[in-house]
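Accompanying notes for the structure given below.
Keep in mind that the numbers below use all heavy atoms, side chains included, and drop hydrogens, waters and symmetry copies. Throughout, numbering of the chain's residues begins at 1 and tracks the sequence.
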Amino acid sequence: MSFALTLPVAEASLFTLGCLLIHTLRRHADIVTGALACLLVLVTVLLALAGMPESVLRAQTAALESGEAIQFLN
């Protein structure tokens with residue numbers, strides 16, 4: 001499957017799973033909706049990282065290994 005199809009397939013899968021869970025757990029719909037929102041954010045972040053160019057990832061890894069990122073946070 002190409003990367004261009006990954007996001008729509010993931011969205012459709014999460015939507016379907018969310019509908020199923022909310023229907024099954026009607027009494028706890030607020031909790032399930034919050035959990036699904038968190039899951040959606042996680043999947044979005046993972047897909048964004050997967051689509052990031054390698055040069056950016058290498059630069060971030062090098063900054064973490066050299067301690068530059070930690071110095072920036074302090």
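- Under the side-chain contact (heavy atoms from CB on, under 4.5 Å) criterion, L17 pairs with L21, not counting sequence neighbours.
- Screening residues 31-50 for salt bridge (charged side-chain N to carboxylate O under 4.0 Å, His left out) gives no qualifying pairs among residues at least two apart or on separate chains.
- A side-chain hydrogen bond (donor to acceptor under 3.5 Å, both in side chains) check over residues 9-22, counting only residues at least two apart or in different chains, returns nothing.
- Residues that satisfy the side-chain contact (heavy atoms from CB on, under 4.5 Å) test with P8, not counting sequence neighbours, are absent from this structure.
- With sequence neighbours excluded, the residues forming a side chain to side chain donor-acceptor pair (under 3.5 Å) with R58 are E54, listed by chain and number.
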Counting only pairs under 3.5 Å, give me each side-chain donor-acceptor contact of residues 32-50, with atom names and distances, residues two or more places apart or in other chains.
unit_1 : atom_1 : unit_2 : atom_2 : d
T33    : OG1    : A29    : O      : 2.7
T44    : OG1    : L40    : O      : 2.8

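- Sorted by first and then second residue, the salt bridge (charged side-chain N to carboxylate O under 4.0 Å, His left out) pairs involving residues 34-46 (not counting sequence neighbours) form an empty list.
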